[in-house]
Amino acid sequence: MAPKAGNVARKPVGQAFKDKSKPQDVRLSNIQAAKAVCDAIRTSLGPRGMDKMIQASNGEVSITNDGATILKQMNVLHPAAKMLVELSRAQDVEAGDGTTSVVVIAGALLEACEKLLHKGIHPTAISDSFQRCANKAIEIINDMSTPIALTDRETLIKSASTSLNSKVVSQQSSLLAPIAVDAVLRVTEPGKEGAVDLKNIKVIRSLGGTVEDTELVEGLVFTSRSAGVNAPKRIEKAKIGLIQFCISAPKTDMDHSVIVSDYAAMDRVLKEERAYILDIVKQIKKAGCNVLLVQKSILRDAVSDLAQHFLDKIKCLVVKDVEREDIEFVCKTLNCRPIASLDHFVAENLVNADLVEEVSSGTNKFVKITGIQNPGRTVSIVCRGPNKLVLEEAARSLHDALCVVRCLVKKRAQIVGGGAPEIEMALQLAAYAQTVEGVDAYCFRAYAEALEVIPSTLAENAGLNPIATVTELRNRHAQGEKNAGINVRKGAITDIFAENVVQPALVNISAISLATETIRSILKIDDIVNTIS
């Protein structure tokens with residue numbers, strides 16, 4: 001009897017083994033890891049957000065609620081989670097503010113992706129739809145935004161204050177915001193507003209005093225005190241020279257040594273040294289220089305004790321050990337070039353300033369140069385704080401405020417805060433989803449829902465009921481109140497524009513586009529390969 005055909009196990013011809021579930025598992029693992037990072041800093045969002053205490057491996061502690069700072073110091077191992085750290089850093093570079101929001105939005109979008117993937121929608125389809133959603137969302141932000149003029153200082157200050165409100169130093173926002181605005185406007189070149197370089201604003205941290213003692217200096221500030229005991233501490237009508245050579249006895253090459261056997265030869269060496277230094281000091285006096293800035297030297301003392309003694313005698317104030325990386329900033333401020341050799345030390349290469357003085361601040365003393373004759377577009381801010389933690393957080397907050405003003409100078413449009421733009425985008429995208437067909441409709445709706453995470457988190461962190469608050473907010477926006485937002489101080493929904501809670505449109509635009517790009521990258525990954533090396 002012939003065997004039944006059904007019992008014979010046939011071997012599939014030419015079909016390789018393929019694990020269908022692996023790409024799915026990798027994708028889900030990536031989404032879970034990235035969501036974990038998002039949940040870690042979600043509580044730091046908004047004015048009522050919590051702070052994180054970060055302990056470094058060497059025992060140093062810092063307290064902050066700046067998303068970029070928290071993530072930068074977090075020890076993240078998963079490669080997909082590292083992408084969110086990079087996302088936060090990119091937002092910090094691009095806009096300077098909104099570093100927490102961008103990660104929270106990314107986390108919500110990933111959750112939306114997870115639901116869409118479970119529905120069986122292909123990752124590439126989701127990725128392309130999300131790009132269209134982002135473009136539509138940016139259009140909505142541009143429609144909501146109101147243009148501003150750089151001459152309108154009040155508006156710029158309001159935006160800077162909003163950025164400071166969520167920080168530890170929110171009490172001092174009325175003082176720090178005008179400083180940030182004045183500093184950025186000072187370094188902005190007319191006609192080149194797009195290229196504001198924050199390197200032209202030097203923030204100097206000085207321990208002691210309170211945050212209220214922070215001041216803006218139109219000139220130069222050196223953190224070191226002036227050298228010399230008997231040298232003058234205050235010079236009016238100063239002539240300043242910036243030198244890159246040393247005023248000390250020359251040394252032999254590294255592998256040479258000079259052996260002095262008798263006292264007469266020793267005496268001669270000292271005489272030569274004295275004559276050499278005296279010659280340099282005479283040249284300095286001849287040029288009429290009375291303030292000398294000396295670059296730090298690696299090989300020997302920039303100014304020897306004997307030279308310092310002679311410079312004291314000619315009543316010359318000396319600031320030595322100016323760091324090599326600060327030389328560029330000093331040259332830009334004084335509008336001069338560093339003098340590299342004694343032959344070039346002539347009156348033409350000196351810079352005039354009204355006043356150079358040594359001022360004490362707390363426990364520190366520093367040298368301040370003001371009233372420079374032909375100053376460059378730079379400015380210095382002396383940031384003060386009672387202890388290291390507060391001082392570092394004040395400097396970080398000030399940097400965020402400077403970035404916000406820079407954003408407004410780059411793109412002169414502002415938008416309301418308090419979760420209003422996100423709800424408006426969610427409503428308009430959900431309405432737009434009704435007009436598109438197929439997979440796009442699902443993706444647009446999911447994207448719109450994901451954007452509601454910002455107002456919901458704001459309400460949660462302020463101790464309000466997130467569901468009731470977001471529902472009411474959505475209702476107010478549906479009635480056409482575009483400026484309705486969550487007022488964290490009053491614990492209610494009010495017209496946020498009237499409360500002066502405004503921010504640059506650029507912050508929201510870059511947050512949406514950067515978050516969407518990162519999510520698209522994570523979605524496209526279907527395998528993780530480890531290299532051999």
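Applying the 6.0 Å contact sphere to CD of Gln32 captures more than 12 heavy atoms from other residues, nucleotides or ligands. For Gln171, the CD atom is loosely surrounded, since the number of other residues' heavy atoms within 6.0 Å does not exceed 12. Atom CG of Leu28 is surrounded by more than 12 heavy atoms from other residues, nucleotides or ligands within 6.0 Å. Applying the 6.0 Å contact sphere to NZ of Lys72 captures no more than 12 heavy atoms from other residues, nucleotides or ligands. More than 12 heavy atoms of other residues, nucleotides or ligands shown are found within 6.0 angstrom of NZ on Lys35.
Looking at Asn461 and Thr43, their side chains never bring a donor and an acceptor atom within 3.5 Å of each other. Checking Ser62 against Glu392 by side-chain atom types alone, no donor-acceptor pair falls below 3.5 Å. Judged purely by distance below 3.5 Å, without hydrogens or angles, the side chains of Glu139 and Asn135 never pair a donor atom with an acceptor atom. No side-chain N or O of Lys52 forms a donor-acceptor pair with one of Asn65 less than 3.5 Å apart. Asn508 and Gln503 form a side-chain donor-acceptor contact under 3.5 Å, judged by distance and modelled atom types alone.
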*When you look at Arg27 and Glu114, which way does the side-chain contact (heavy atoms from CB on, under 4.5 Å) test go after all the steps?*
CA-CA 9 Å; Arg27 223 170 263 127; Glu114 204 174 353; over 6 Å; no
_side chain to side chain donor-acceptor pair (under 3.5 Å) between Thr99 and Asp66, intermediate numbers included_ = CA-CA 7 Å; Thr99 47; Asp66 179 43; 3.2 Å; yes
*Chi angles and distances behind the side chain to side chain donor-acceptor pair (under 3.5 Å) call for Ser510, Glu94*: CA-CA 7 Å; Ser510 82; Glu94 180 65 30; 5.6 Å; no
*Carefully, step by step, assess Thr214 and Arg384 under the rule side chain to side chain donor-acceptor pair (under 3.5 Å).*
CA-CA 5 Å; Thr214 301; Arg384 307 287 301 282; over 6 Å; no
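Residues in residues 503-524 take part in these salt bridge (Lys or Arg N to Asp or Glu O under 4.0 Å) pairs, two or more places apart or across chains: Asp128-Arg520. Note on residues 108-141: pairs passing ring-ring contact (aromatic ring centres under 6.0 Å, His included), not counting sequence neighbours, are Phe130-Tyr447. Note on residues 379-432: pairs passing ring-ring contact (aromatic ring centres under 6.0 Å, His included), not counting sequence neighbours, are Tyr432-Phe444. Annotation: side-chain hydrogen bond (donor to acceptor under 3.5 Å, both in side chains) contacts involving residues 433-446, sequence neighbours excluded, comprise Ser129-Asp440, Arg132-Asp440.
Between Glu460 and Arg42 there is a salt bridge, with a side-chain nitrogen of the basic residue lying less than 4.0 Å from a carboxylate oxygen of the acidic one. Salt-bridge annotation for Glu154 and Lys158: absent, with no side-chain N of the basic residue lying under 4.0 Å from a carboxylate O of the acidic one. With respect to Lys388 and Glu60, a salt bridge is recorded, a charged nitrogen being found less than 4.0 Å from a carboxylate O.
Test Thr370, Ile369, Ile204 against Val221 for side chain to side chain contact (heavy atoms under 4.5 Å, CB included) and you get one pass: Ile204.
For Ser88 (side chain) and Val85 (main-chain N/O), no donor-acceptor pair under 3.5 Å exists by modelled atom type.
For His477, the side chain to side chain contact (heavy atoms under 4.5 Å, CB included) criterion is met by Ala420, Ile423, Glu424, Leu427, Leu473, Ala484, not counting sequence neighbours. Applying the side chain to side chain contact (heavy atoms under 4.5 Å, CB included) test to Met74 and every residue at least two apart in sequence or in another chain returns Ala40, Ile41, Ile70, Leu71, Val76.
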